[in-house]
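Sequential numbering from 1 along the given sequence is applied to the chain's residues.
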Amino acid sequence: MKTEPESFEYRSLTRRASLLGLLGVTAAGACSSGDEPTPTPSALPAPLPPIDRPSTVHATAVVRDVQRVHERLKSRFGFAILPGSTWEASAVVLAGLSLSAADTVDGAAPLHIAVTRSETNLLDVVVGIPLRAPDRLIASAIAGADARYGLRRDDAARVDLLEPRAAGAAAGIAIGVARNHLVVASSSEALRAAAAFVADPGQSAFGLPTSDIRMDVDETLVAEIGKRFAERMRAAKGPDWSAVAAIASTEPEIARLLGARGGTVTADVGETAIRVGVSLASREGKPLEGCVNGGREQVLRLHPDGLVGAVTFSSEASRKQSAARAVDWLSSAHLVETERAEAARQAMEALAAARGSATRLSIELSEMGWVAYGGTDLSNEKGAKQALEELVKAIGSDDRTEPGMQLVATETVVESVGEAVRLRLRQVADKAESKTIATILLRVEDDTLALATGPDAAYALKKALAAEGVSAIAELSEGVDAEAAIYLRLNAGGLTGGSGEAKERDAAIVSVRACEEPMTLKLALEPGAITAALGWLTERRRP
């Protein structure tokens with residue numbers, strides 16, 4: 001006697017053959033006697049072995065209660081992408097099938113999702129939708145002279161492909177039936193690669209989660225999303241990213257988050273927001289030492305015009321480590337002369353000692369382009385001013401003329417702001433030609449060291465000194481006790497904004513623990529955020 005999985009597979013294949021036989025007999029009256037005979041169940045292949053995880057699959061996800069998630073996304077969040085009044089209706093309509101096929105969908109079973117990456121597409125999504133009656137769904141798609149689809153079996157991929165042949169078929173996607181699943185994919189390549197995988201009932205990757213949604217992401221996909229994020233920012237003529245990256249990489253907490261090698265995402269769809277938890281594994285595999293927990297008031301000091309904002313909380317030891325890393329980076333890039341490196345290190349360490357634990361950084365799209373600005377609390381304002389003076393001396397204010405990249409520090413006066421320190425990264429071609437690559441402005445005021453960079457650094461410095469806060473996330477930041485907090489604002493158009501625009505809140509990440517292992521983030525996503533984020537990060541990259 002066959003085992004239950006084999007029996008299930010065999011019965012599924014038998015029903016499929018019976019269906020095809022029925023369709024063949026129906027069509028025989030209009031065909032010549034030379035038509036090929038219909039396959040019989042006796043010709044069926046042996047039951048299929050377990051499906052190995054394809055190498056192109058870099059993330060898997062399970063949606064536990066699809067009906068409830070669908071209802072809330074549609075009624076509470078107004079997701080226009082869901083066309084049906086029920087999940088079953090949305091599923092078949094999105095797949096380009098007749099609405100009459102909705103009763104073949106098993107809405108009580110969990111949804112299986114795989115994210116793949118290929119040479120042509122950065123990301124593809126493959127969705128396995130459980131069916132009550134796979135053969136009846138196939139029949140509704142391929143029967144009749146005006147059928148939307150034709151049927152072709154791909155034995156290598158273990159899937160029955162439904163190939164468009166008439167108007168009404170869904171454009172831009174590929175669909176098929178594997179086992180008892182309707183499989184919908186964003187490309188035919190992804191469908192053939194992962195259809196059998198998402199439809200395999202024995203896959204441990206699709207175990208039932210405790211949250212509404214669970215997604216496991218590997219290191220490759222994390223790296224690719226980060227790379228894509230950077231590419232899109234550069235294409236949008238972002239701020240002086242070399243300067244921003246240099247600042248961020250000196251903070252151990254930020255560097256650790258940026259170096260994450262994979263993790264797990266869980267989500268629960270609530271009445272007003274989608275609460276998301278992210279657990280990330282670091283490359284080092286151990287927690288940071290000497291971390292400091294911050295509070296809600298620092299989160300609220302992020303400027304409301306910022307599309308992305310971050311707050312980190314560092315111990316004195318961590319701040320000194322950041323200072324040492326910054327000088328090492330400047331020295332390795334030959335931006336500080338060797339004989340001045342030690343003086344620069346002492347100035348940076350003195351500045352670190354004068355700092356408080358909190359550091360804030362916001363990124364905004366201004367009228368002149370992307371700018372970044374922020375500030376760090378000071379425990380010793382007088383000491384910070386003295387340290388800045390020593391830093392200007394150490395870096396040097398003279399314009400050297402030898403070719404290459406150079407860092408120049410000068411004291412200046414910023415219009416409507418006052419005295420400040422200007423750091424300029426210059427590209428010197430020859431004695432007669434140089435070009436400023438990046439500019440950072442720094443000013444000490446009201447126990448804060450403010451900094452700004454971008455094509456309009458003076459404008460950004462004013463924002464850095466402003467005391468305005470992100471009141472929109474006040475209630476979301478209740479009880480924040482973390483090593484970092486991040487604010488992110490999205491809308492249906494992606495990362496857009498700028499001074500004077502409406503500040504509709506769409507997403508806020510209000511709690512990050514970067515010092516623990518694994519690191520954890522907690523997010524609150526609101527209407528428009530998911531659509532914007534997915535559209536912004538997963539835009540296909542064709543050769």
Side-chain angles (χ1 to χ4, degrees), residues 237-250 303 322-323 326-327 329-331 333-337 340-341 343-348 350-352 354-355 359-364 366-376 378 381-402 404-429 433-466:
K237 298 180 180 180
D240 305 316
W241 292 113
S242 57
V244 175
I247 295 170
S249 64
T250 62
H303 200 282
S322 298
V327 174
W329 180 81
L330 293 172
S331 299
H334 305 290
L335 298 177
V336 174
E337 296 179 348
R340 297 181 175 182
R345 184 183 303 277
Q346 291 178 6
M348 291 287 286
L351 189 60
R355 281 175 50 189
T359 299
R360 297 170 296 280
L361 183 68
S362 296
I363 296 174
E364 176 188 334
S366 70
E367 293 182 357
M368 293 183 63
W370 291 91
V371 294
Y373 53 86
T376 181
L378 297 174
E381 183 175 313
K382 182 177 179 181
K385 288 181 177 179
Q386 180 63 38
L388 270 183
E389 292 177 5
E390 295 300 323
L391 185 62
V392 170
K393 295 177 183 177
I395 293 176
S397 58
D398 57 313
D399 287 353
R400 291 162 283 166
T401 57
E402 60 271 19
M405 300 293 292
Q406 298 173 356
L407 184 65
V408 177
T410 57
E411 293 181 348
T412 187
V413 175
V414 179
E415 183 180 355
S416 71
V417 174
E419 295 181 354
V421 170
R422 175 182 281 116
L423 299 176
R424 287 188 298 136
L425 182 63
R426 302 191 314 146
Q427 173 69 59
V428 179
E433 183 181 354
S434 66
K435 178 182 178 182
T436 297
I437 304 299
T439 298
I440 300 176
L441 293 178
L442 303 132
R443 174 177 168 82
V444 174
E445 181 179 305
D446 296 332
D447 292 324
T448 298
L449 171 61
L451 60 89
T453 184
D456 193 354
Y459 160 87
L461 187 61
K462 295 176 185 178
K463 292 291 185 71
L465 292 166

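- With sequence neighbours left out, the side-chain hydrogen bond (donor to acceptor under 3.5 Å, both in side chains) criterion links Ser362 to no other residue.
- A distance of 7.0 Å separates CD of Glu364 from NE2 of His303, quoted to the nearest 0.5 Å.
- A distance of 12.5 Å separates CD1 in Ile440 from CZ in Arg424, rounded to the nearest 0.5 Å.
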Using a 3.5 Å cut-off and no angle test, enumerate the donor-acceptor pairs between side-chain atoms of residues 386-394 and protein atoms at least two apart in sequence or in another chain.
from, atom 1, to, atom 2, distance (Å)
Gln386, NE2, Glu390, OE2, 3.0

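- With contacts defined as side-chain heavy-atom distances shorter than 4.5 Å, the pair Leu441/Val417 does not qualify.
- For the side-chain hydrogen bond (donor to acceptor under 3.5 Å, both in side chains) test, no residue two or more places apart in sequence or in another chain qualifies with Thr436.
- The residue from Leu351, Leu461, Leu423 that alone fulfils the side chain to side chain contact (heavy atoms under 4.5 Å, CB included) condition with Leu442 is Leu423.
- Atom CG of Leu451 sits about 8.5 Å away from atom OG1 of Thr359, to the nearest 0.5 Å.
- The minimum heavy-atom distance between Ala354 and Gly383, with the atom names listed, is CB-C, 4.1 Å.
- Minimum heavy-atom separation, Ala323 to Ala352: CB-CB, 4.2 Å.
- Applying the salt bridge (charged side-chain N to carboxylate O under 4.0 Å, His left out) definition to pairs two or more places apart or across chains, those involving residues 444-459 are Arg443-Glu445.
- Taking Thr448 as the reference, nothing meets the side-chain hydrogen bond (donor to acceptor under 3.5 Å, both in side chains) condition, with sequence neighbours excluded.
- A pairwise comparison of heavy atoms in Ala460 and Tyr373 identifies O-CB, 3.3 Å as the closest pair.
- Looking at Arg340, its side chain does come within 3.5 Å of a backbone N or O of Ile395 through a donor-acceptor pair.
- For Glu381, the salt bridge (Lys or Arg N to Asp or Glu O under 4.0 Å) criterion is met by Lys385, not counting sequence neighbours.
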